[in-house]
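Read through the structure below, which is laid out as structure tokens, and then see the notes.
Throughout, numbering of the chain's residues begins at 1 and tracks the sequence.
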Amino acid sequence: MKKNLLLLAVLCIAAVPFLFSCNKPDNGGDNKQVVMPDPPSADSAIKIDFKSEADKPKYFDTEPDGTHVEYSIQSIEFSEANRYLITMTVVDTKVSVGDIVTLIGSYTESGGNYKCEGFGSVSVSGTGSNADVSVKPTGEENPEYNGKGNVTETPPPANTDQKNAVRNWNVKSVLINIVGKGVNISAPFTNGCDLEEIGKWAAGNGVSGLNSRLGELKGYKVKEITFTGDNTFAISFTGSNTKPVKGSYSLNTSAKTVRFTLPEGNPFFHGSVDGEYDYPADNTMSLSMNTKVEGYDCSLEMKLTRVVNN
């Protein structure tokens, strides 16, 4: 009798994992839904918008050729994963006035005081449309700003897929496919996503329109990909004189698809871009982006790894 009871108990215990895993969505065939840890600065995530054109922080910088540029800061977003994204418009320079420029870097926060590596500091008191904001860029030429801003706290992720996404990612590898105009080429790149390297390969294999644009891709190796809870999507690059790409994204969690809205300018990342995503395992993300390159259909199938040391 005791042996029978013992056997029954063992069978019951063995059945528990099966019962709890039955209703979990399939992910890579292992019946486990990937749930990643909270990003490190989720409680510090806010966005500051400066509405009045007459009262916005100013920022001065010098281009590599010695040109002095004056910017007007439009917004500052502090992400859930220790990144600041500062959106500015050009006010005065020899290049096009009105151009939009984004600064991306690391930050730390304590008591509403944000220290922004490579930029300066930002202090915030309160939330809402009339919050007190102080912006102190480094450099003697940069004036300190003390005024008002519209401060909104970033809402928590709407679902598990967005919770997993809202952090920083490195590109481990990318598979490129380019089709059109008699061209059908494909190649894996295992050392991240270097747009100059990819551009040279494509130009040498039939995408001749890229030959005249290779100079635009110099230094454009992807450093990080960032998703935020405010639906901001950004790509930064390793080159010192490169410009980040910043836009927005929208997830369709039932279809595992994503749509990006990006600014024009970068030969690979621009415009309205559809893609797909998945989380094959903890700390990893599969992300595809279907874009246009010189009139050809181009897909970038990227394997991403989570940036752990933020």
Side-chain angles (χ1 to χ4, degrees), residues 37-63 68-93 99-157 163 166-168 223-224 226-236 240 243-248 307-310:
D38 290 336
S41 57
D43 293 339
S44 302
I46 61 171
K47 186 177 181 183
I48 309 167
D49 289 294
F50 299 97
K51 299 296 185 182
S52 172
E53 286 297 331
D55 183 27
K56 290 184 177 179
K58 298 295 187 290
Y59 181 69
F60 296 87
D61 198 9
T62 303
E63 296 289 314
H68 295 283
V69 186
E70 179 183 349
Y71 299 96
S72 176
I73 297 176
Q74 307 297 309
S75 66
I76 303 174
E77 183 177 355
F78 293 103
S79 79
E80 293 90 337
N82 298 119
R83 295 296 180 266
Y84 66 81
L85 301 96
I86 301 177
T87 302
M88 311 183 296
T89 54
V90 176
V91 175
D92 184 24
T93 180
D99 281 357
I100 298 174
V101 177
T102 300
L103 297 179
I104 299 177
S106 300
Y107 79 84
T108 58
E109 184 271 339
S110 178
N113 299 309
Y114 296 79
K115 292 184 178 180
C116 306
E117 182 180 340
F119 173 77
S121 64
V122 177
S123 297
V124 177
S125 178
T127 59
S129 60
N130 203 35
D132 293 321
V133 179
S134 173
V135 181
K136 301 177 182 179
T138 55
E140 294 181 357
E141 73 278 18
N142 283 309
E144 179 179 339
Y145 171 88
N146 291 286
K148 300 294 183 179
N150 183 23
V151 177
T152 55
E153 296 180 351
T154 302
K163 178 181 183 293
V166 291
R167 59 196 74 237
N168 310 310
K223 178 182 179 182
E224 281 185 353
T226 296
F227 290 83
T228 82
D230 199 53
N231 296 320
T232 298
F233 175 78
I235 306 173
S236 58
S240 58
K243 296 180 179 178
V245 172
K246 192 194 82 163
S248 61
V307 178
V308 178
N309 183 11
N310 288 278

Donor-acceptor contact present, side-chain [X] to main-chain [Y], <3.5 Å:
X	Y	answer
Tyr84	Glu117	yes
Glu140	Asn142	no
Asn168	Ala81	yes
Asn146	Ser134	no

Test item: side-chain donor near acceptor, Thr127 and Glu153, under 3.5 Å: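 The criterion, which ignores hydrogens and geometry beyond distance, is not satisfied for Glu153 and Thr127.
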Glu109 and Ser41 side chains, donor-acceptor separation under 3.5 Å: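 Not at all, the side chains of Ser41 and Glu109 share no donor-acceptor pair under 3.5 Å.
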Please check if the number of heavy atoms outside [X] that lie under 6.0 Å from its [atom1] is greater than 12.
X	atom1	answer
Asp55	CG	yes
Lys58	NZ	yes
Lys56	NZ	yes
Glu144	CD	yes
Glu141	CD	yes

Derivation of the side chain to side chain donor-acceptor pair (under 3.5 Å) call for Thr154 and Glu80: CA-CA 8 Å; Thr154 302; Glu80 293 90 337; 5.0 Å; no
Side chains of Val307 and Arg167 in contact at under 4.5 Å (non-hydrogen atoms):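 They are not in side-chain contact.
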Contact check, side chains of Val135 and Ile76, non-hydrogen atoms, under 4.5 Å: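 They are in contact (side-chain heavy atoms under 4.5 Å apart), so the answer is yes.
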Pairwise distance [atom1]([X]) to [atom2]([Y]) - rounded to 0.5 angstrom:
X	Y	atom1	atom2	answer
Ser75	Leu85	OG	CG	8.5 Å
Lys51	Asn130	NZ	CG	13.5 Å
Ser123	Lys115	OG	NZ	10.0 Å
Thr87	Lys246	OG1	NZ	2.5 Å
Asp61	Leu103	CG	CG	7.5 Å

Residues Thr226, Ser236; criterion side chain to side chain contact (heavy atoms under 4.5 Å, CB included); working and verdict: CA-CA 8 Å; Thr226 296; Ser236 58; 5.9 Å; no
Sub-6.0 Å ring centroid separation between Phe119 and Tyr59: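 Centroid separation for Phe119 and Tyr59: below 6.0 Å.
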Working for side chain to side chain contact (heavy atoms under 4.5 Å, CB included), residues Lys148 and Asp132: CA-CA 5 Å; Lys148 300 294 183 179; Asp132 293 321; 2.5 Å; yes
Derivation of the side chain to side chain contact (heavy atoms under 4.5 Å, CB included) call for Met88 and Ser72: CA-CA 5 Å; Met88 311 183 296; Ser72 176; over 6 Å; no
Shortest non-hydrogen contact between Ile104 and Ala234, atoms and distance: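 Distance-wise, the nearest heavy atoms are CD1-CB, 3.8 Å.
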Smallest separation among heavy atoms of Pro143 and Phe60, with atom names: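 Looking at all heavy atoms of both residues, the closest pair is CD-CE1, 3.7 Å.
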Derivation of the ring pair (Phe, Tyr, Trp, His ring centres under 6.0 Å) call for Tyr107 and Phe78: CA-CA 8 Å; Tyr107 79 84; Phe78 293 103; 5.0 Å; yes
Pair Asn150-Ser129, side chain to side chain donor-acceptor pair (under 3.5 Å): steps then yes or no: CA-CA 4 Å; Asn150 183 23; Ser129 60; 5.2 Å; no
Residue pair Tyr114, Ile46: steps toward the side chain to side chain contact (heavy atoms under 4.5 Å, CB included) verdict: CA-CA 11 Å; Tyr114 296 79; Ile46 61 171; 3.4 Å; yes
